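Predicted model, so just to flag it, every value in this text is computed and none were measured.
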Amino acid sequence: MPELPEVETVRRGLEPAMSGARFVKVEVRRGDLRWPLPKDFARRLEGRTVTGFGRRAKYLLADLSSGDVLIMHLGMSGSFRVFDHGLRAGGEKLGRYRRERAQHAAHDHVVFHMSSGAVVTFNDPRRFGSMKIVPRAKLEAEPLLKSLGPEPLGNSFDAAMLARACKGKKTTLKAALLDQRLVAGLGNIYVCEALFRARLSPKRIASTIATRSGAPNERATHLVDAIKAVLSDAIKDGGSSLRDHRRTDGDLGMFQHHFRVYDREGETCRTAGCTGVVKRIVQNGRATFYCPACQT
Ligand SMILES: [Zn+2]
């Protein structure tokens, strides 16, 4: 399942193709994604220009000249593929792209033909992805977005805010960080990675990163620094894989990661000087990977 860094990488990949460009033609090949696309989906996009291309948590937000916003979510298996007619001269690229595309064409559900010359295809084998168009004025009240907490890479997300949110919370730190109302866009993988970098146990009670009055202690500071670092590093990785993909077939949404603790059960801890072994436990039905020796 794509997490925030993947979605940000997709945003960066789509932005040059879509921002400032007009939807010339929109093909809906399958409208039954996670929920059905509205009947007037293509009509509300065609002829409109994308005036901005942003992200909120794991949602991509394309601002339209009509005053609407196109909200897109990758779900479990969604990805975008960008084919730029401007690159047609690279015959090799086009060939690779076509072969690649032919294999998955049955899952190409939505195709945007942009005035930039870019053809943007949304491919989603499991169809948990979604698209929705809402007026910009109603975005704040949009049910998908309104209960989301702060962006973890934004300035408003800091130790003081996280400590306030965790004050008195008797859930584990792992569960608290997965709560999208507390901080938006963090998923299972990056929560494990952030707790590892902060050397905090995923089983630790959330309130222990705050004083009784809700002020941040050192743990809160380390945790916020770790969350920001782990996401920034992953976005950087995504950026390099994006360039690699550009050289091949323009696929956006899947890339290889280098995790320090996630999915490393039984392997040696990567913290300098630690001789611990990574353990896997299940918390709230999700796998947690951590080092019992240095994460306390
Ligand atoms: Zn360790």
Side-chain angles (χ1 to χ4, degrees), residues 1-16 19 52-61 72-74 79-80 145 148-166 173-174 176-202 206 209 216-246 251-264 269-272 278 286 288-291 294-295:
M1 156 121 55
E3 291 207 26
L4 190 150
E6 287 86 338
V7 179
E8 176 58 21
T9 302
V10 171
R11 191 196 70 75
R12 292 178 186 191
L14 290 179
E15 190 177 29
S19 194
F53 201 80
R55 178 186 58 76
R56 176 74 174 105
K58 295 200 274 181
Y59 293 94
L60 296 164
L61 304 176
M72 299 180 280
H73 194 278
L74 297 169
S79 66
F80 284 94
L145 307 177
L148 291 174
E151 284 291 318
L153 290 170
N155 290 332
S156 67
F157 181 68
D158 58 15
M161 163 173 266
L162 185 61
R164 259 198 317 278
C166 287
L173 263 185
K174 170 93 189 293
L177 293 177
L178 284 174
D179 181 349
Q180 301 298 300
R181 294 166 300 183
L182 198 142
V183 54
L186 280 187
N188 200 42
I189 293 172
Y190 293 103
V191 167
C192 291
E193 292 291 307
L195 287 168
F196 175 75
R197 288 202 198 192
R199 299 199 185 185
L200 293 172
S201 169
I209 66 162
N217 59 27
E218 209 179 27
R219 295 184 193 114
T221 309
H222 287 157
L223 185 52
V224 165
D225 289 350
I227 290 169
K228 288 180 188 279
V230 85
L231 293 174
S232 303
D233 286 355
I235 290 169
K236 262 185 237 144
D237 278 359
S240 45
S241 89
L242 187 63
R243 284 189 295 277
D244 291 344
H245 277 308
R246 275 278 166 81
D251 244 331
L252 297 174
M254 310 288 171
F255 54 87
Q256 206 54 50
H257 292 280
H258 310 286
F259 301 127
R260 294 190 190 174
V261 72
Y262 189 82
D263 213 14
R264 295 191 65 244
C269 175
R270 287 195 178 157
T271 297
V278 175
R286 313 283 302 274
T288 298
F289 297 87
Y290 75 111
C291 172
C294 67
Q295 288 180 252

(message) Any heavy-atom pair between the side chains of Met72 and Val10 that's under 4.5 Å?
(response) no
(request) State, yes or no, whether a side-chain contact exists between Leu182 and Leu162 at a heavy-atom distance under 4.5 Å. (result) yes
(message) Quick check: do Gln295 and Pro202 have side-chain heavy atoms less than 4.5 Å from each other?
(response) yes
(request) Can you see which heavy atom on Met161 is nearest to which on Ser156, and at what distance? (result) SD-O, 3.1 Å
(request) Only counting residues at least two apart or in another chain, list the ones meeting ring-ring contact (aromatic ring centres under 6.0 Å, His included) with His73. (result) Tyr59
(request) Give the minimum heavy-atom separation between Leu186 and Leu177, together with the two atoms involved. (result) CB-O, 3.7 Å
(request) Please answer whether the main-chain N or O of Lys236 pairs with a side-chain N or O of Asp233 as donor and acceptor at a distance below 3.5 Å. (result) no
(message) Contact between Lys174 and Ser201 at the side-chain level, heavy atoms closer than 4.5 Å - yes or no?
(response) no
(message) Quick check against the 3.5 Å criterion: does Ser232 have a side-chain atom that pairs as donor or acceptor with the backbone of Lys228?
(response) yes
(request) Flag the pair Phe259 / Glu193 as yes when at least one side-chain heavy-atom distance between them is below 4.5 Å, and no otherwise. (result) yes
(request) Check whether any side-chain heavy atom of His222 sits under 4.5 Å from a side-chain heavy atom of Arg219, and report yes or no. (result) no
(message) To check you understand the geometry: which heavy-atom pair defines the closest contact between Ser19 and Gly52, and what is its length?
(response) OG-CA, 4.2 Å
(message) Does any part of the side chain of Leu231, heavy atoms only, come nearer than 4.5 Å to the side chain of Glu8, both counted from C-beta?
(response) no
(message) Between Arg55 (side chain only) and Ala57 (backbone N and O only), is there a donor and an acceptor less than 3.5 Å apart?
(response) yes
(message) Give me the atom names and distance for the closest heavy-atom approach of Val230 to Ala194.
(response) CG1-CB, 4.1 Å
(request) Write down the atom of Glu3, the atom of Asn188, and the distance for their closest heavy-atom approach. (result) OE2-N, 3.4 Å
(request) State, with a plain yes or no, whether a side-chain heavy atom of Leu4 is found less than 4.5 Å away from one of Tyr190. (result) no
(message) Whether Glu151 and Arg56 form a salt bridge (side-chain N of Lys/Arg under 4.0 Å from carboxylate O of Asp/Glu) is what I want to check.
(response) yes
